[in-house]
Participant: 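The structure under discussion is supplied below as structure tokens; questions concerning it will follow.
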Number of protein chains: 2
Amino acid sequence: MAVTLRDVARAAGVSAATASRALSAPDLVAPERRELVRRVARELGYRPNRAARELITGRSGYLCLLVPDLENPFFAAVAKAVQSRARASGHAVVIADAEEDPRLEAELVAQLGAQADGVLLCSPRMSDDDLMTVAAGARPVLLVNREGAGLPSVVVDNRDGVRQAVRHLHALGHRRVAYAGGPAGSWSDARRRDGLQALGPDVEVVDLGAHPPAFAGGVAAADLVLASGATAVLAHNDLMALGLVDRLRARGVRVPDDVSVVGFDDVPVATLVTPALTTVAMPLARLGRTAVDLLLGPREPAAPTTVLPVELVVRGTTAPPPDTSEP
Amino acid sequence: MAVTLRDVARAAGVSAATASRALSAPDLVAPERRELVRRVARELGYRPNRAARELITGRSGYLCLLVPDLENPFFAAVAKAVQSRARASGHAVVIADAEEDPRLEAELVAQLGAQADGVLLCSPRMSDDDLMTVAAGARPVLLVNREGAGLPSVVVDNRDGVRQAVRHLHALGHRRVAYAGGPAGSWSDARRRDGLQALGPDVEVVDLGAHPPAFAGGVAAADLVLASGATAVLAHNDLMALGLVDRLRARGVRVPDDVSVVGFDDVPVATLVTPALTTVAMPLARLGRTAVDLLLGPREPAAPTTVLPVELVVRGTTAPPPDTSEP
DNA sequence: TTGTATGCGTTATCAC
DNA sequence: GTGATAACGCATACAA
């Protein structure tokens, strides 16, 4: 049997109440007794029972993190940071993978979120209505990489990311740029499209439609790029950008000599290919840390939405367009 | 306030005990009342309080999974599978990232494992002695991708993986093969070295020493490969293999024409590079599923260790060695 | 088959 | 500053 608070109290010759205070409200107990209790607790290897504590305090010590796909390096990076920051504040993290399924997502948050001290919804695919239902629960909920239902959220500046990428391509001489979009329901994808609208007339944008946010989606989009006549393509994320590069090359198109490619995220794999991917870097670890800080913060954040900056990282997949001027 | 069992009981006009039984021991209650209670519970949106249930039953409904690095795609894949399988049996999963630190690892398992229904230690870096201490706790513990301390475990056939890889290289004509090892404390790395010892005299093996199990480790090993005179190199994992390929090329060595490269794991990124990586595929999802099944199984598994098969996947980074015979 | 009473380990509320 | 005691929500031994 595990050693309980009463065991500690008995061994220290004090009441359970005093033992409890000595450990969780040290100021309320006389210095010598406090130290005595703490020493005894350490010697006995006492670990407070989370369940009992939760029952009375209402706080479980657990945070719940929901992601669409743990194997996607974007979410893995956020999960790692969340986990690390949560530990620093004494919380364990229950991580649930919703398998890109909005229905499962809603079910999981209902099931797991009920007894968590806070819920982090990373890139949820569910509708604003479902988000609203979730928000109806009293526990704090925070959206990561998504806005909606008036919930507090932390996101990145998607529009600025698009602006930076296109500005870079424009400076290189590109005048016709394609956008290979992510899944239809993606909030961040919608924001990027907004950004493309707001660009002005210097660059013509060709919309290639929605694709699965993975390597295969990029492969599919590559053929559309060639048909579009664009000299550069912006992908919804790095995985798609990789698929684009691969397929373009397979069709005899040089990257970046013939077509430039820009990704989004700056996931570790972006540097594992040759040439390394030019991409709009998201502050993934910071996203995770900020999310925990806001969720656990003393009060609701002043602004419902916290926006983190992004930064274009120019590497090997962008270059001036081939010279097509008439001689 | 959340709806409690008493609320359900009151609304259904029965006692709390009957309500409890209707939900968790349906056979013990009369059919009509049972259905009545269940319907009322559903309508009220009743969710049992995990903490209260744990306090009385001793089971928390949580599984604890410890990994050295969530961002490593190997562990992300295992975590995803564990999470999915655990959900099927009504368990949530607390995932902790030990940051490749044996000390943190031990601390986390002590902290988180105490109140979990079971603990999964994936590729733990801690010593057998520390493993022993962990095992002393009563809760079930299962090792994944590691054996030790007499604990039950699920692993892959590392020796056979090495055998398959070297056999492939030998068939291509390679006679001198280098091995770029992983971290010094890695159990699987040790097993692979065992496999290399047992190969017989047909192939000469050059040991390149221990490296960090990431891209950078492969980069460092690449220069050693060239100095070793080997025509092929086996890497501890795919990430290292990618680093090897990258650095070899940077130094003007063609892959696979001049040097062949074989990885381990078959992590998704293995197919995202050109040419795709020849690698020893580990059944990652199966590893995770099997781990949960064994952990939750009715009794200790018959054999303390369950071994899963591996399979060499030949792709683009292996080819016959350059012809170096004297003319 | 159903209800009553008890206790799980901890913290909060009181007296002292 | 400290110690009894109650209470959190649920499952179970026991009584009916």
Side-chain angles (χ1 to χ4, degrees), chain A residues 1-38 40-41 44-62 90 92 111 113-117 137-139, chain B residues 1-38 40-41 44-62 90 92 111 113-117 137-139:
Chain A
M1 200 50 193
V3 32
T4 165
L5 186 62
R6 299 185 52 155
D7 298 333
V8 175
R10 201 172 310 136
V14 299
S15 74
T18 299
S20 173
R21 283 188 285 248
L23 296 171
S24 31
D27 296 343
L28 298 182
V29 73
E32 356 176 356
R33 303 197 117 179
R34 183 205 317 157
E35 291 317 315
L36 172 63
V37 170
R38 298 181 84 107
V40 169
L44 263 46
Y46 167 72
R47 298 270 174 187
N49 182 315
R50 295 184 100 124
R53 179 176 285 179
E54 170 179 0
L55 207 47
I56 184 81
T57 63
R59 277 164 297 125
S60 65
Y62 290 111
Q111 211 168 68
Q115 260 98 44
D117 291 347
R139 70 195 156 291
Chain B
M1 202 52 196
V3 33
T4 164
L5 187 60
R6 299 187 52 157
D7 298 333
V8 175
R10 201 172 310 135
V14 300
S15 74
T18 301
S20 172
R21 284 188 283 249
L23 296 171
S24 30
D27 296 344
L28 299 182
V29 71
E32 358 176 356
R33 302 197 123 181
R34 185 206 313 158
E35 292 315 317
L36 171 63
V37 171
R38 298 181 83 107
V40 169
L44 263 45
Y46 168 72
R47 297 269 175 188
N49 182 314
R50 295 183 100 123
R53 178 174 285 178
E54 170 178 1
L55 208 47
I56 183 94
T57 62
R59 276 164 298 124
S60 64
Y62 290 111
Q111 210 167 67
Q115 259 100 42
D117 291 348
R139 69 196 155 289

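Letters A, B, ... are given to chains in the order of the sequence lines, protein chains preceding strands, and every chain is numbered from 1.
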Participant: Rounded to whole angstrom units, what separation is found between the CG atom of Leu5(A) and the P atom of dC8(D)?
Facilitator: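 Atom-to-atom, Leu5(A) to dC8(D), this comes out as 20 Å.
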Participant: dT2(C) C1' sits how many Å from Arg10(B) CZ, rounded?
Facilitator: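 Distance check: Arg10(B) CZ to dT2(C) C1' gives 18 Å.
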Participant: Could you tell me if the side chain of Thr18(B) sits less than 4.5 Å from the side chain of Val29(B), heavy atoms only?
Facilitator: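 Yes, their side chains come closer than 4.5 Å.
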Participant: Quick one: which residue pairs count as a salt bridge (Lys or Arg N to Asp or Glu O under 4.0 Å) with a foot in residues 4-20 of chain B, not counting sequence neighbours?
Facilitator: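 Listed once each, the pairs are Asp7(B)-Arg10(B).
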Participant: When you match Ala16(A) and Arg33(A) each to their closest nucleotide on DNA chain D, which lands nearer the 5' end?
Facilitator: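 Final value for this comparison: Arg33(A).
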Participant: Can you check the Arg6(A) CZ to dC8(C) C1' distance for me, whole Å?
Facilitator: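 That distance rounds to 11 Å.
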Participant: How about CZ on Arg59(A), more than 12 heavy atoms from neighbouring residues, nucleotides or ligands closer than 6.0 Å, or not?
Facilitator: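 It does not: Arg59(A) CZ has 12 such atoms or fewer within range.
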Participant: Using atom CG of Asp7(B) as one end and atom P of dG9(D) as the other, report the distance to the nearest whole Å.
Facilitator: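 Taking atom P of dG9(D) as the reference, CG of Asp7(B) is at 9 Å.
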Participant: Does Arg34(B) use its side chain to pair, donor to acceptor, with the backbone of Pro26(B) at less than 3.5 Å?
Facilitator: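 Pair found, side chain donor or acceptor close to backbone of Pro26(B).
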Participant: Distance check, rounded to the nearest 0.5 Å: Glu35(A) atom CD versus Arg38(A) atom CZ?
Facilitator: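 The CD atom of Glu35(A) sits 6.5 Å away from the CZ atom of Arg38(A).
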Participant: Nearest 0.5 angstrom please: Leu55(B) CG to Ile56(A) CD1, how far?
Facilitator: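 That separation rounds to 11.0 Å.
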Participant: Find the distance between CG (Leu5(B)) and CG (Leu44(B)) and round it off to the nearest 0.5 Å.
Facilitator: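 Reported value, rounded in 0.5 Å steps: 11.0 Å.
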Participant: Looking only at atom types and distance, does a side-chain atom of Arg50(B) sit under 3.5 Å from a main-chain N or O of Gly61(B), one as donor and one as acceptor?
Facilitator: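 Yes; judged by distance alone, with no hydrogens or angles, the pair exists.
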Participant: Output the residues of residues 17-32 of chain A in contact with DNA chain C, where contact means a heavy atom of the residue under 4.0 Å from an atom of the strand; sort by number or write none.
Facilitator: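 Close to the strand are Ala17(A), Ser20(A), Arg21(A), Ser24(A).
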Participant: Tell me, which of residues 53-60 of chain B have any heavy atom that sits under 4.0 Å from an atom in DNA chain C?
Facilitator: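 The stretch gives Leu55(B), Ile56(B) as the residues lying under 4.0 Å from the strand, ordered by number.
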Participant: Rounded to whole angstrom units, what separation is found between the CG atom of Asn49(B) and the P atom of dC8(D)?
Facilitator: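 Answer to the nearest Å: 12 Å.
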